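Some notes on the structure that comes next.
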Amino acid sequence: MRHPSDGVLRRLLDEPAGVSDADRAHLADCTRCVGTLAAMRTDATALDSALAPQGSPDVDAAWRRLSAATPGPERAATPRRSRPAMRRPVVAAVAAAVVLTGAGTAAANDWLQIFRTEQVAPVALSTADLIALPDLSAYGDVVVTGDGDLHSVEDAAAAEAESGLDLPEVADLPRGISGEPTYQVGSEISATFTFSADRAAQAAAAAGKTLPPSPAGLDGATVRMVAGPGVAQAWESSAGVPALVVGRAVAPTAYSSGVPFETVRDHLLSLPGLPDDVAAQLRTFTADGGTLPLPVPSDRVSTSTAEVDGVPATVLELADGSMSAVVWVDEGVVTAVAGSLDTDEVLSVAQGLR
Amino acid sequence: MAADPTANAPAGAASVGASAAGDAGRQAAAQLVADLPPAPAVWCSGLRKRYGKRQAVEEVSLQVGRGEVVGLLGPNGAGKTTVIKMLLGLVTPDAGEAMLFGSPSADPASRTKVGYLPELFRYQPWLSAAEVLALHVRLSGVSVPAAEQREVLALVGLAERAGDRVGGFSKGMQQRLGLAVALVARPEFVVLDEPTSALDPLGRADVRDIVLSLRERGVAVLLNSHLIGEVERVCDRVVILDRGRVATSGTLAELLGQRELRLELTGVTPAAQARLAATGLVEREGDWFTVALPADDAEDAVPDLVGDLVAAGVRVHAVEPVRISLEERLLGILRDAADAREGERA
Amino acid sequence: MSTARTVLTIAGLTLREASRRKVLRALAGLTVVLLVLSAWGFSRLSAESEFGTLTSGEARLVASQLLNLVMFGLSLIAALGTAFLAGPTLSGEIESGISLSLLARPVRRWAVLAGKWLGLAAFGSGFVVLAGLAQCLVVQLTVGYWPPQPVVALALLAAQTVVLLTLGLLLSTVISPMASGVVAVGLFGATWIAGVVGGIGEALGNDGVARVGAISRVLLPTDGLWRGAMHAFQDPAALLQFGQEMAGFPFLSEAPLTAAYLGWAAFWVLMIWGLAAVSFRRKDL
């Protein structure tokens, strides 16, 4: 507990009205202070008797003289206690200015990052995806036959003739889409892939991983993958991006000798360091060409199922709803309708195809 | 004197500490502490405040005892309002200290029992009068039932306007509301800064009655007013400020000590003249005598004098007490101070 | 205990003031006008796409851009409203004398300040959240676009309002009522412009100019928070669609905010509030 200063005790004798209740309460309990007070009183009586003829004292003035004359600790006893430096406005303002300057400097030097760096990878479906083959050259020998080259053709008849596929006709264009479509044709593309355990080990080492053990008989196994031919018609929007694409292609198929294709595929997919886009493409291949979603990363799309002309179809929608697609496979032919539309619009286009 | 060894002897003996004498001293000191009168409603010492280059308040010390009604007088710019604001912790003094009911006014809790009507009275215009009172009651931390709050509004003559928005009030009504705000939280000390500045004569009379009833209930009041008559009628004591300093303070009797008596007398004998002269200074205009009365034992002075004059055979036609008004006294003090300054400058 | 009561009483008083003064009606009027105008605009937009120039996906993209634009207008209204409410509330009351009788009560000044701040923050963020939500619903009904992170976006908008009103409160302890409102809104606008300039600097690859934006966002976090809110309102595909050609466009925000920046904004509010408390504590009435 803080003892009141001698100045306060003296004031108790001279001008008790100026002693706070807190100090009074302290004095009622504190023998030490009462002792000091008693001594002071004796002093004061003695002084009074000695100085008696000096006339009535000016108490206020005396107190001020006393306050002024007594050094440090006495002054600290007045209620105006020394304040923490931060409570003084000027000090606080200067401190805040220093903090702001420091933070500004930090921002200028990029020590304080304001924005998270976030790379949004574009999700774009293009006609080329329909007849693309995964690049597996890192895992074995690849011999490509047929260029699969995508090129524009004059009109629907030419496209059909070149590809040998029926080009579906869109009955009703969804709102916002008008004008004539452009036609594109891609020829068949096929590749023979011979798995090489050594190459795969090298690729894994380059990625800093070790290769999991290969299933028996895989080394040297050969797989032939065929995609296409394909045909597509696309409507451009005012912004220059395809607003609607309707495409059809022979479903990608894989043939294998010896080891089943699924074994090769699953082993390749399990390999470390396989690029995501290659993995996505690889997943689209099946031995019978029966199931096929488009090669899109699953975290950016939501998938649902629907039916188109009695065939089960996969409906894909980008998370932000800016783009949708519907894909189905019927008798080894894959058909896709995609665009910057919502799922209902894509489905109605798909169901209206002739 | 300082060389006198006897002056130091008792003090030395006490501090060396013969235990028996020390115990007696301790007991006496403890008794002194126990017997202290309760801290006054407000006490301040050595208050100073400077605004820019102007020293608004310089060394003001004053005290308002519990239940005491004190008037604060002085010309414009004397620093009355600044002193009041420093007492209430609204303005931080440059030096000096102030206490309300024994706790430093920097501590908000010291204002619990204080009511304040500022000179600049404005209340939230979007609230109703009753809502303003309820707000102040909540902030004061005292629980005052709604009925009592309505009574206070009725006391200041706003009972019928309790539900009206303050924004639509006239100046005078706002001042009445301010008075209610000052009174609502059961204060033991009320500070009224120019409480009648916007009031009509009827309102002034109301304020006077309110202050008198506060005094009856033992509530201390500090009243700052230009209306000296008002102060003279209700105050026990007066403090006069001039240029930031206390020019004079004291009870009304002390300040207006020189009372005079005017008498119309005929048949004045030399003995009677001597009796008059014995009482105080005498001035004569025809039959009218003006006698200055002594400040002390004023109770008996007048009947004694009249009795003696009649006994001396003087015919007494009229006896009129003449009071020096507070106004005259105030003007005198202020003029004296001005003259003193002139003299210093010269 | 009594301090908490003071804070809550003053906060309630401030809310009551806001609800009874004309500023609320003006604010509500402006907001309704903005909502109606935007509803009309958005319905025109969907009509346009029916006429056949935009697909529904494109319409949503444009809607998300327009939403940012309208939200900016809304945040501007909120900024003006709170700044002109926060300014007069302290210095105006000191000037008129309302504070004299209020602060002569057994209350701590910082508690009064905290109450004012709390009331204004509740009012400002309440307004922003309600009006923002209404705007989102208008867009949902007319165009069918719903922002990806509406909660984050509205919270950041509310935070922006709180930042500005804290600044207004500090200014009002130092300068006159009108001046504090004007200065607060001026600083808000200046930071926004500095942010736009910084964005252009980034687009042009000029580090020096880009730094202008970064520094201003740290000195007064309103623009940074606004950009964070915008990012949460806009369609992520917008960046891919418009990204290259519209880099530096003021109504397109490229990335969400970092936790460090949000922490700085919170600290900034605390620091400025503390400064206001220190300044108010010593103020002679």
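The chains referred to below are lettered A, B, ... by the order of the sequence lines, with proteins before strands, and numbering in each begins at 1. All of these numbers come straight from a predicted model, not from anything done at the bench.
With a threshold of 4.5 angstrom between heavy atoms, A:Arg24 approaches chain B through its backbone and through its side chain. In this structure, no portion of A:Thr36 lies under 4.5 Å from any heavy atom of chain B. When heavy atoms are compared at a cutoff of 4.5 Å, B:Ala28 approaches chain A by way of both its backbone and its side chain.
No other option in B:Ser103, B:Gly102, B:Ala29, B:Ser110 has as many heavy-atom pairs under 4.5 Å with chain A as B:Gly102. Per-residue counts of heavy-atom pairs under 4.5 Å with chain B were compared for A:Ala17, A:Cys33, A:Ala28; the largest is that of A:Ala17.
Contact record, B:Ala185 with B:Val142: O-CG2, 4.0 Å, taken as the closest heavy-atom pair.
Between B:Asp94 and B:Arg48 no salt bridge is recorded (no basic side-chain N to carboxylate O distance below 4.0 Å). Taking 4.0 Å as the cut-off between side-chain N and carboxylate O, B:Asp193 and B:Lys80 do not count as a salt-bridged pair.
Tested against B:Cys235 for a side chain to side chain contact (heavy atoms under 4.5 Å, CB included), the candidates B:Thr251, B:Val70, B:Leu223 yield a single pass: B:Leu223. Here the rule is side chain to side chain contact (heavy atoms under 4.5 Å, CB included) with B:Asn224, and of B:Leu192, B:Leu73, B:Thr81 only B:Thr81 fits it.
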